[in-house]
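These notes concern the structure reproduced below.
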Amino acid sequence: MQSPSPPDYIARLNPEQRAAVEALDGPLLVLAGAGTGKTRVLTTRFAHLLMTGRAKPWEVLSVTFTNKASREMRERVSAILGRPVEGLWLGTFHALCARMLRRHAALVGLQTNFTILDADDQLRLLKQVMEAARIDAKRWPPQGTMGVIQRWKDRGLTPERVTAAEDTDWAGGAARGLYRDYQRRLVELNAADFGDLLLHVTEILRTHPDVLAEYHRGFRYILVDEYQDTNLVQYLWLRLLAQSHKNICCVGDDDQSIYSWRGAEIENILRFEKDFAGAKIVRLESNYRSTAPILAAASGLIAHNTGRLGKTLRSGLANAEGERVHVVSLWDSEEEARMVGSRIEEARRNGTSLAEIAVLVRAGFQTRAFEERMIALGIPYRVVGGAKFYERAEIRDAMAYLRVLNQPADDLAFERIVNTPKRGLGDTAMRAMQAIAREQRLPLSSAAQIMVEGSDTLRGKARSALTELMHGFARWRAALDSEGHVVVAATLLDESGYTDMWKQDRSPEAPGRLENLKELLRAMAEFQTLAGFLDHVALVMDNDADPDAARVSLMTLHAAKGLEFDMVFLPGWEEGLFPSQRSLDEGGEKALEEERRLAYVGITRARRVAVISHAANRRIYANWTNSIPSRFIDELPEDHIQRAGAAAQERARMINAPSVFAGGGLMARRPRVIEPGAWEVKERPSAGGFTAGERVFHQKFGYGRILRVDDDKLDIAFEKSGEKRLLDRFVEKA
DNA sequence: TATCGTATTCTTTTT
DNA sequence: GAATACGATA
């Protein structure tokens, strides 16, 4: 089977990578640790499938999670093959499913040109459904209902498949009915939400053997990236498609599973061997990215998790020497931002490119403080995944116009633009329109047409405005074929008065918005059809403005997965923030492990320098709150880190004045070195002497019971406010 | 019908 | 503290 001298794309691999590439037939799980050449294995494997003649390019189904990953894979496959490859089934779960669903839309009651709704539309629609069902939106927020529905969809449950036992805890057992109504409305609107793309296709594959057989003939091999992040419906979809030939190769890393909140089930990867009989497992453990201390720190941290498949990362670099991971303690979040700023300036002076520096935060709002600092210092930066182009109001408005153009039955889009700009069509007119639509079971735009043609329903300014709008749409739609979608879009924005609305707007953002509209038209020109463009926007909501430019990257830890930088800053390692309190409240111990994996992802992004920091005081909402260092800092192996700031002094003090008593006691009574000023909240010297199981009282959180004592820190289960970690001086014995 | 003021929520993470 | 949502008022 193996030729005497393998092709050089194989010869360049290390033995474990080679094993992963060459095991072409049957199920294979590749456990790829951070920085072990996962993408390389996937792309080489793809190329190898073609080179060995096992499959044609279109017979391989390659699935990724992000658009970025699929773009990268496409580029690298064609680089290996030395030519651009066309007709590939390569994309995100959602993009591939959208493509499949367009072919079989009728099987779930949709038309081929169905609209893909974004999060905003979904919520508005659900609100309407909940209102109609007279559910108290105060008590049961629509977002919560949306969450319940999405989790069902994540598990492949259509409304019919949801059992009564599943529907107890939300809205008093009304959630299942709301789900059913919501799905009905979607079909009426000829629309699908994100979850539907997978749900519908999986349902079709489950219930239409002929369709399934067609795909079995089509896809001889399946490649899956980031398998640890798949949810149940994605798993079902894959299993159905792999059923006959079983040539499925999943690549993933259980230590980097960070999407459980989106329905991902880490069990999918843990269970792989059981799901696919005769599965082979290959471990990639040679890390070619980071220095030895960074790897050691990350490994030491993740070792605190249980239930791992287990991997040992070892450095594959020729020179793995490097600085220890820095841990910096600071007074407040402003000082933290200053520290990061000055270290970036220093690195820049020493020749590090800004493109090689990243600041990775737990939550999006944290980037703001660093942005301000970057502006003050004149350091170019970019916020990755921040305010998205396609989420801006003017873009969404323009998109709504285009959606109505493409599909008159798109009620959500129609509602959005019918009175934007203001045409004098307020509540009264809209209520009348909705009444007609409901009675005759027609889309809003048809109802509007009726109102315009009829004589009695609408009069005066409102009438002429609506007439003009409807005539406009007829005209623009007619021009679509002859003029092309870009020209029509430009005309539409002008004639509808939308551009004028912003031209007359005196607010400082208005010129920028007009600029954005022009940018939208430029983006449209890259697509053959209007429908193609709309799909792209719904599925590929990214805005990667010149990623090569020398800028510091600011982003969330989630957004950083799959990326790497020479120098990585990891600020805000504080209890409550990271690990996130909310996450802990919702998910308990499992959530804590996921937070820890997130920390692991963060550290392993760094090639040469990692700087972890925490601040003693931080402003949350409007007021200052004090925080204690994240437990993850304590979990880092001391031999591989280097402390600076207050914590270093504190630690020096501990070493210089060893206590004869073991454990907390005297050591816990050491004065806080973090200054200036006293702690604002009433603080008593560390009392020590707390034991697990004891009942305590806290000013804000009320009564609770101590779960664990860790030096001067206590894990407390509060009766009202969940589990928290606090310094003992803030609680008293109850 | 539109605008202004107040109340409320938000800060997890994304296709 | 800001952005949004909603209600009261002109």
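Every chain is numbered from 1, with letters handed out A, B, ... down the list of sequences.
A:Met430 places its CE atom 16 Å from the C1' atom of B:dA2, with the value rounded to the nearest Å. If you take CZ of A:Arg618 and C1' of B:dT11, they are 12 Å apart, rounded to a whole angstrom. A:Lys153 has its NZ atom 16 Å from the C1' atom of B:dT14, to the nearest Å. Summarising the geometry, the separation between NZ on A:Lys561 and C1' on B:dT15 is reported as 12 Å, rounded to the nearest angstrom. One can place CE of A:Met555 at 11 Å from P of B:dT14, the figure rounded to the nearest angstrom. What separates CD1 of A:Ile116 from P of B:dT15 is a distance of 14 Å, to the nearest Å. Remark: P of B:dT11 and CG of A:Leu584 are 18 Å apart, rounded to the nearest angstrom.
Phosphate contact (OP1/OP2 of B:dT14, side-chain N/O of A:Thr556, threshold under 4.0 Å): present.
In summary, the aromatic rings of A:Trp261 and A:Tyr259 are positioned with their centroids under 6.0 Å apart.
With distances taken from any side-chain atom of A:His558 to the nucleotides B:dT15, B:dA2, B:dT14, the minimum falls on B:dT14. Among the nucleotides B:dT13, B:dA2, B:dT15, the one closest to the side chain of A:Ala363 is B:dT13.
Annotation: cation-pi pair A:Arg596/A:Phe632 absent, no NZ/CZ under 6.0 Å from the ring centroid and within 45° of its normal.
A heavy-atom distance below 4.5 Å is not found between the side chains of A:Leu223 and A:Leu61. Counting heavy atoms from C-beta outward, A:Met555 and A:Leu563 have side chains that approach closer than 4.5 Å.
Contact annotation for A:Phe93: no contact, since no heavy-atom pair falls under 4.0 Å across all strands.
Although no hydrogens or angles enter the test, the distance criterion places a donor-acceptor pair under 3.5 Å between the side chain of A:Asn419 and the main chain of A:Leu425.
Look at A:Asp255 and A:Arg597 and you find no salt bridge, because none of the NZ, NE, NH1 or NH2 atoms lies under 4.0 Å from a carboxylate O.
Within residues 364-374 of chain A, the residues approaching DNA chain B are A:Gly364, A:Phe365, by heavy-atom distance under 4.0 Å.
Screening residues 189-199 of chain A for salt bridge (Lys or Arg N to Asp or Glu O under 4.0 Å), with sequence neighbours left out, gives A:Lys153-A:Asp193, A:Lys153-A:Asp196.
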